[in-house]
Amino acid sequence: VRLPVELLDNATGEFVEAELFDEITVEHFLETKRTWRPLVLQARRKLLARGREDLVPNYAHWDWTTKEPLLQMLAMKFFGIECGGKLQGIVEIQMVGYECRVPTQRGRDLVYVDYLQVAPWNVRLLMDALGKPTQFRGVGSRLFEAIVRFSLDEGFKGRVGLHSLPSSEAFYTRECGMTAAGRDRAKQNLLWCEFTPEQAQTFLTGGAR
Amino acid sequence: MLKGRMKRMNQQRRTMTLNLSEQEMRVLEDLSTQKDVNKTTLIRQALRLYQLVSARLDRGEKLFFEDQKRKKAELMVL
């Protein structure tokens, strides 16, 4: 099943129709390797040449093709967004292995966001490094909304948790309204962010942001 | 934007009757309360976990639990 979602086309300032889907295949992983990775590495080289190692995205080394075996697992699920025949973003979530850490929800199951990546041509930091404009806005937000709605539909009541990369902390805590529940020494000291059912509802009704 | 439409992705479901003993049902209900999920979600979680653990054991990996004192104990999965 594919669902229509809207993305903002930065070139025209108009919303365009894209598709959210969950039938991710190895072909999509290969597409990230073929079309995303060269741009990420090119931008990384430019940033390093300018001495801006601090701006190199933490996901520069991600390789989605290693995730092929996970496509068979019930505990994991993938969503993607396509527009103009190209993959614009992809996310991997897990339904087991992580629990809520916010005191009011402690020990309850949640949907854990393991990896979320937006195509490099939609990431301002990378396109700035390459001297090019970004294409679409809203890919990450639409994927994140899909995760929260999936959590509701699957009986987790909107509970979502993730370890945020440093570059995304402001997005999850300020724009989405997740609770920052401490840094995790077992996970590269990344910030644990979590949605309670109430926060998820607020997010979905547009209360956060 | 996706309100009310995400369920379409999960529509192709099949229904079965599950027979449980009194004790099994009590455990299911207790865990559902503890985890704040309904019984269907809990059973589906159990299936997800069982498949994941089985797949990793089949690959030759081992399952360990770790207590507060960081002492590991291997868990036998039959």
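Just so we're clear, the structure is a prediction, and the values are computed from it rather than from any experiment. Convention: sequence-line order gives letters A, B, ...; per-chain numbering from 1.
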Completion exercise
Heavy atoms of B:Leu52 and A:Ala75 approach each other most closely as CD2-CB, 4.2 Å
Problem - 4.5 Å side-chain heavy-atom contact, A:Asp109 and B:Gln45 - result: yes
Problem - Other residues, nucleotides, ligands: >12 heavy atoms within 6.0 Å of B:Glu61 CD - result: yes
Practice task
Can you establish whether the number of heavy atoms outside A:Arg183 located under 6.0 Å from its atom CZ is more than 12?
Solution key: yes
Handout entry: Selection from A:Gln105, A:Met76, A:Gln72, A:Arg159 maximising heavy-atom pairs under 4.5 Å formed with chain B
Key = A:Arg159
Exercise for the section: Could you pull out the closest heavy-atom pair between A:Gly107 and B:Lys35, with the gap in Å? Expected result: O-NZ, 2.9 Å
Exercise for the section: Name the region of A:Leu152, side chain, backbone, both or neither, that has any atom closer than 4.5 Å to a heavy atom of chain B. Expected result: neither
Exercise for the section: Using non-hydrogen atoms and a 4.5 Å limit, figure out which bit of A:Glu23 sits close to chain B: side chain, backbone, both or neither. Expected result: neither
Handout entry: Side chain proximity check, B:Gln34 to A:Arg108, heavy atoms < 4.5 angstrom
Key = no
Handout entry: Validation row: B:Arg44, A:Leu74 side chains within 4.5 angstrom (heavy atoms)
Key = no
Problem - Other residues, nucleotides, ligands: >12 heavy atoms within 6.0 Å of A:Arg37 CZ - result: yes
Exercise for the section: Output yes when a side-chain donor or acceptor of B:Thr41 lies under 3.5 Å from a complementary backbone atom of A:Phe156, and no otherwise. Expected result: no
Problem - A:Lys157 side chain near B:Val37 side chain, heavy-atom distance below 4.5 Å - result: no
